[in-house]
Amino acid sequence: MESPFKIINNKDAYDSLSVQENVLAIRSLKAEKNCLVLCHTYQRPEVHEIADFVGDSYGLSMQATKTRHDRIVFCGVHFMAETAKILNPEKTVLLPSREAGCALADTIDEQKVVEWKARYPGLPLVLYINSSAAVKAHADIICTSANTLKAIEAVDSDKVLLAPDKNLYYSFQPKTSKTIIPWEGYCPVHKAITKELIESVIAQHPCAVVLAHPECSPDVTELADEVLSTTGMVDFVRASSEKEFIIGTELGLVQMLQRAHPLKQFFAVYNHKSCDESCVCPYMKAITLGKVRRSLEDDVFKITVSEEVRMKALNAIQKMLSLGRDK
Ligand code: 13P
Ligand code: SF4
């Protein structure tokens, strides 16, 4: 049967169509192609509309283990789609934009991880999920912001390597008796949430509860009432009777919380003077509805992982999935 939707040859032009038109076309393509759409909380609001599941890195990985669909379109960044492919080698996993990388994941590659591990023979590597499959293949266990402490406690050693985000070390070293040796990586989006910026938002909203992601710098997390993964923040807000929240993470989550709780107020941490988008991840925002539509129509861009890398990375990911969340 001929598609009721306009097929455009210049696929970038889909982004000039209305949200409603793209949403309807994508819903129809999802059904036709038996496709699951997984979406990270940081995605654009209109991308959330076509998702089957919205969550954090841990929740998205769990969902990827449960699907019976033939295809997964991953509205997130490359390492997340790779994780879904590792868990579903027989399925087609698509990432709608080639630009959807992760600056934090890029701070370590296979050669660097091999050299680093060689300096600490026998120490287990607890590896944050924000890393490539090739690096994951050298990990003992994967963790996300939702279960870093559990992963550190799960390995059989009182000294552990933790990569690539050094800010996780600052958040979790005080919570464990183990010695953590950190890699020097960071997320530039969370680094842009500075102490000065969050202090100025706190000064404007002194009654607000302050929530920060563990990727924020230690001088920011120490000002927070709670340090939580993105889903940890969603759960905290849902259970709280407070009315105002300062959200120390990417803008997409702030917008998602505001949509879900219209009677509460959420404040992002912007750098208003020089840039009004300091808490926006450009990699997450690379995915647009037009690109999702193109991805479904043309089966682009396919994620591939070699079987050798996949088997090693799978072992470390499965250990992480069996842990559950810290809280
Ligand atoms: P979550 O694990 O909390 O989803 O965070 C992923 C991420 O990329 C944060 O920058
Ligand atoms: Fe990577 Fe930072 Fe963007 Fe998360 S917010 S995807 S860690 S660059």
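Only a predicted model underlies this, so the values are computations on that prediction, with no experimental measurement involved. Indexing begins at 1, ligand by ligand and atom by atom, following the structure's order. We're numbering straight along the sequence, starting at 1. Note: hydrogens, waters and symmetry copies are ignored here, and every other heavy atom, side chains too, is used.
Counting only heavy atoms of the protein, atom 6 (C) of ligand 1 lies nearest to S57 OG, 3.4 Å. Of the protein's heavy atoms, H213 NE2, 3.4 Å lies nearest to atom 5 (O) of ligand 1. When hydrogens are left out, the protein atom nearest atom 1 (P) of ligand 1 is S145 OG, 3.4 Å; that is the closest non-hydrogen contact. The single protein non-hydrogen atom nearest to atom 9 (C) of ligand 1 is E215 OE2, 3.0 Å, given as residue, atom name and distance.
In summary, C102 places no N/O/S atom under 2.8 Å from atom 2 (Fe) of ligand 2, failing the contact criterion. Within the 2.8 Å limit, C281 places at least one N, O or S atom next to atom 3 (Fe) of ligand 2.
E215 has its side chain within reach of N130: a pair of non-hydrogen atoms, C-beta onward, lies under 4.5 Å apart.
Distances shorter than 4.0 angstrom occur between a heavy atom of H40 and an atom of ligand 1. Residue contacts with ligand 2 leave out E250, since none of its heavy atoms falls under 4.0 Å from the ligand. A heavy-atom separation below 4.0 Å is found between Y42 and ligand 1.
Annotation: R259, atom CZ; neighbour count of heavy atoms from other residues, nucleotides and ligands within 6.0 Å is above 12. With a 6.0 Å radius and a threshold of 12 heavy atoms from other residues, nucleotides or ligands, Y186 has its OH atom at or below the threshold. Around atom CD of E308, no more than 12 heavy atoms belonging to other residues, nucleotides or ligands sit under 6.0 Å away.
The atoms of ligand 1 that sit less than 4.0 Å from any heavy atom of T230 are 1 (P), 3 (O), 4 (O). Ligand-side atoms of ligand 2 in range of N130: 7 (S), range being under 4.0 angstrom from any heavy atom. Of all atoms in ligand 2, numbered sequentially from 1 with element shown, those under 4.0 Å from a heavy atom of A103 are 8 (S). Atoms of ligand 1 lying under 4.0 Å from at least one heavy atom of H190, given by number and element, are 10 (O). For ligand 1, the atoms closer than 4.0 angstrom to any heavy atom of N130 are 7 (C), 8 (O).
Going from atom NZ of K136 over to atom CD of E110 covers 13.0 Å, rounded to the nearest 0.5 Å. For the atom pair CD (E226) and CZ (F245), the distance works out to 11.0 Å, reported to the nearest 0.5 Å.
Side chains of Y42 and T249: a donor on one and an acceptor on the other come within 3.5 Å.
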